[in-house]
Amino acid sequence: MQRNYLTIKQFLESEFPSLRGNISGGNFPPPPFAILMMKVLSFIHIVAIAAILLGDKLWTLFPFVRSPPGWYLTVKQYPMQTFVALFFILPTFLQSFITTGAFEIMLDGKIMFSKMQSGRFPNGPELIEIFERAGFVR
């Protein structure tokens, strides 16, 4: 949510001029398993596209494979359901692990506000109060 960060940054810099140029932010890192699962899903997408383009001939490219595996034949019986699951449902599910929704305001390594703890986004007066308590002058 880069837009939320930029909005808060502009608000704080307009309310507290001493903060200009001293506010930085970034995305909360996703868990390693989510990154791995997205890579695995990308590989599965490539295999699925190859299966669509090459059909049953795809399996002759692999050594020691003489015929398509049973799971492939089952998936082939339900092409639309497979397509929807692989290209819409699974990516949406995995994206929920990538996008954490985390938003934290830190000052000198101390968390001043955490969306993950409060479950909500900070409002303007609340931010002003937080920074005034920290010793900043408007």
| task | Would you please test Y72 and L58 for side-chain contact (heavy atoms from CB on, under 4.5 Å) and show each step? | result | CA-CA 11 Å; Y72 172 76; L58 169 70; 5.5 Å; no
| task | Heavy atoms only: give me the nearest S118-F113 pair and the separation to one decimal. | result | OG-CZ, 3.3 Å
| Beyond-backbone contact of F103 with I8, side-chain heavy atoms, under 4.5 angstrom | yes
| request: Please round to the nearest 0.5 Å and tell me the distance separating atom CZ of F93 and atom CD1 of I89. | output: 11.5 Å
| field | Shortest non-hydrogen separation from P91 to A85 and the atoms involved | value | CD-O, 4.1 Å
| query | Does a side-chain heavy-atom distance below 4.5 Å link P30 with F97? | reply | no
Would you give me the side-chain donor-acceptor pairs under 3.5 Å for residues 41-54, sequence neighbours excluded?
| from | atom 1 | to | atom 2 | distance (Å) |
| --- | --- | --- | --- | --- |
| S42 | OG | M38 | O | 3.1 |
| H45 | NE2 | L86 | O | 2.6 |

| note | When rounded to the nearest 0.5 Å, the distance separating CZ of F121 from CG of L127 is 8.0 Å
| task | Following the transitive rule for hydrophobic clusters with a side-chain heavy-atom cut-off under 4.5 Å over Ile, Leu, Val, Met, Phe, Trp and Tyr, establish whether W71 and L90 coincide in one cluster. | result | no
| note | Note: F16 and I128 closest approach over all heavy atoms is CZ-O, 3.7 Å
| said: If the condition is salt bridge (Lys or Arg N to Asp or Glu O under 4.0 Å), which residues does R66 pass it with, not counting sequence neighbours? | reply: none
| note | One should read off an interatomic distance between R20 CZ and Q10 CD, to the nearest 0.5 angstrom, of 11.0 Å
| task | Would you mind listing the cluster partners of I111? Hydrophobic ones only (ILVMFWY), side-chain contacts under 4.5 Å, chaining allowed. | result | M106
| message | With rounding to the nearest 0.5 angstrom, report the NZ to OG distance, K9 to S14. | response | 12.5 Å
| Looking at R120, K115, R133, which one forms a salt bridge (Lys or Arg N to Asp or Glu O under 4.0 Å) with E126? | R120
| request: Supply the atom-to-atom distance N123 CG to E129 CD, rounded to the nearest 0.5 angstrom. | output: 9.5 Å
| query | When rounded to the nearest 0.5 angstrom, what is the spacing between CG in L6 and CD in E13? | reply | 10.0 Å
| request: Check whether I98 and Y5 end up in the same hydrophobic cluster, where Ile, Leu, Val, Met, Phe, Trp and Tyr are linked by side-chain heavy atoms less than 4.5 Å apart. | output: no
| query | Is the number of heavy atoms from other residues, nucleotides or ligands within 6.0 Å of CZ (F11) greater than 12? | reply | yes
